[in-house]
Amino acid sequence: MNTTAISSEKKEVNNMESQLKLQPFTFENVPSTRPMIIAGPCSAESEQQMVETATQLAAQGIKIFRAGIWKPRTRPGSFEGYGSAALPWMKSVKQATGMLTATEVANVRHVYEALKAGIDILWIGARTSVNPFAVQEIADALRGVDIPVLIKNPVNPDLELWIGAIERFYHAGVTRLAAGHRGFSSHEKLVYRNDPNWQIPIELRRRIPNIPMFVDPSHICGNRQYLGEICQKSMDLNYDGIIIESHINPDVAMSDAKQQLTPADLSVLLSKLVLRKEYADNNSLVTLEELRAQIDKLDDQLVDLLEKRMKVAEQIGVCKKENNIAILQTSRWDKIITKRLEEGAKKGLSAQFIETIFRSIHEESIDHQTKVMNEPKNGNK
Ligand code: PEP
Ligand code: MN
């Protein structure tokens with residue numbers, strides 16, 4: 001279960017990262033109202049595609065243009081970006097619209113070329129932030145350069161690796177940093193292209209409270225039909241910005257065609273977002289306080305129940321040990337999960353939730369039983 005990736009490792013890390021003194025991720029002429037939008041095509045395909053897309057985005061008040069110059073692709077042979085040849089097109093976008101430009105850098109050469117071409121914001125892609133050597137080299141190449149960097153989560157759900165990448169830039173003196181949440185690869189078949197695994201960015205924010213958080217709905221969704229719900233959810237989780245793919249003609253895009261949307265459709269999507277504030281401005285929210293008190297009480301009961309359940313599991317462990325029975329009976333586990341999935345469905349609890357909870361409870365139960373099994377009997381081993 002992914003949540004264990006967050007909590008188990010955390011204990012070994014001191015909480016120094018929360019003290020990072022970040023500079024604001026704000027720009028002249030870019031409104032600091034939430035959400036800050038970075039939009040543009042997955043890939044730079046031609047000067048015309050870039051300038052036309054940017055012109056339509058700028059007309060909606062979007063101030064920051066994104067485009068992939070170097071594209072990391074899973075298999076060779078697919079379009080890997082035009083590389084440096086596309087950098088002058090970014091300049092054309094700036095000249096035509098006054099927008100700031102952002103692109104992905106994955107090695108030191110990309111950094112030098114992007115800086116030389118006057119790119120304003122860099123992002124580190126998910127396939128790069130997964131590799132501390134690559135991240136360190138890029139961070140070192142940026143020593144002494146005052147450029148904002150958005151660091152996307154690594155492809156795998158490893159919070160420490162994400163924080164580590166942020167720290168590598170910070171220690172190299174890059175302090176205008178933001179985090180980009182683009183979801184995590186999964187071997188399971190998902191509705192979305194990448195599992196959002198929301199608890200990981202939520203925990204990142206708890207650990208580094210002042211880091212601006214951007215959602216990348218395009219790479220989470222993989223399909224434009226889900227972009228609205230992911231953007232809304234990110235706003236309800238107090239994200240600061242959205243980095244989203246937009247193309248004048250998405251269906252003929254050379255990469256990520258299904259997840260891109262036209263500037264006009266992006267405008268509709270953004271107009272539908274409901275923005276709520278993180279904290280209430282008055283203290284009279286008695287109802288909220290009362291409901292929270294109820295939640296706290298229920299959580300107390302949940303933890304008590306879990307304790308009781310594990311005590312019973314330990315007795316089962318003793319019984320199995322005395323009768324020389326193995327800890328796991330697959331058919332019993334199958335019955336438990338099937339029954340709870342059925343019950344959960346009746347009670348409006350999603351299958352994914354029930355599975356996650358019960359897998360975790362079962363794992364903990366196995367641990368308790370294993371402990372009992374391996375305990376030496378009083379006095380005789
Ligand atoms: C992208 O933004 O075009 C991209 C390749 O993103 P990611 O690193 O999230 O896959
Ligand atoms: Mn893309």
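Order of listing sets the numbers, starting from 1, for every ligand and every atom in it. Just so you know, these numbers come straight off a predicted model, no measurement behind them.
Listed by number with element, the atoms of ligand 1 under 4.0 Å from a non-hydrogen atom of K152 are 1 (C), 2 (O), 4 (C), 6 (O), 7 (P), 9 (O). When each atom of ligand 1 is checked for a heavy atom of R182 under 4.0 Å away, the hits are 7 (P), 9 (O), 10 (O). Of all atoms in ligand 1, listed by their number and element, those nearer than 4.0 Å to a heavy atom of E104 are 4 (C), 5 (C). Residue contact check: G125 has heavy atoms under 4.0 Å from atoms 8 (O) of ligand 1. The contact set between ligand 1 and W123, taken as ligand atoms under 4.0 Å from a residue heavy atom, comprises 1 (C), 2 (O). The R127 neighbourhood of ligand 1 comprises atoms 7 (P), 8 (O), 10 (O), with distances under 4.0 Å to a heavy atom of that residue.
A salt bridge links K152 with D216: the distance from a Lys NZ or Arg NE/NH1/NH2 to an Asp or Glu carboxylate oxygen falls below 4.0 Å. Note on R206 versus E203: salt bridge recorded, some NZ/NE/NH1/NH2 to OD/OE distance being below 4.0 Å. Taking 4.0 Å as the cut-off between side-chain N and carboxylate O, D256 and R193 count as a salt-bridged pair. Between R340 and E343 a salt bridge is recorded (basic side-chain N to carboxylate O distance below 4.0 Å). Salt bridge E363/R359: absent, no basic N to carboxylate O contact under 4.0 Å. Ion pairing between E47 and K91 fails under the 4.0 Å rule for side-chain N and carboxylate O.
The atom of D256 nearest to the Mn ion (ligand 2) is OD2, with the search restricted to N, O or S atoms. Taking the N/O/S atoms of E245 in turn, the shortest distance to the Mn ion (ligand 2) belongs to OE2.
For ligand 1, the polar-atom distance check finds no N/O of D256 at less than 3.5 Å from any of the ligand's N/O atoms.
Side-chain contact, H219 with E245: a donor N or O sits under 3.5 Å from an acceptor N or O. Side-chain atoms of R176 and Q23 form no donor-acceptor pair, as typed in the model, at a separation below 3.5 Å.
Annotation: atom 8 (O) of ligand 1 to nearest protein heavy atom, A126 N, 2.8 Å. Closest protein heavy atom to atom 1 (C) of ligand 1: H219 CE1, 3.1 Å. Of the protein's non-hydrogen atoms, K71 NZ, 2.7 Å is the one closest to atom 3 (O) of ligand 1.
Atoms NE2 of H219 and SG of C42, as seen from the Mn ion (ligand 2), are separated by an angle of 170°, to the nearest 10°.
The aromatic rings of W162 and H181 are tilted relative to each other, their planes meeting at an angle between 30° and 60°.
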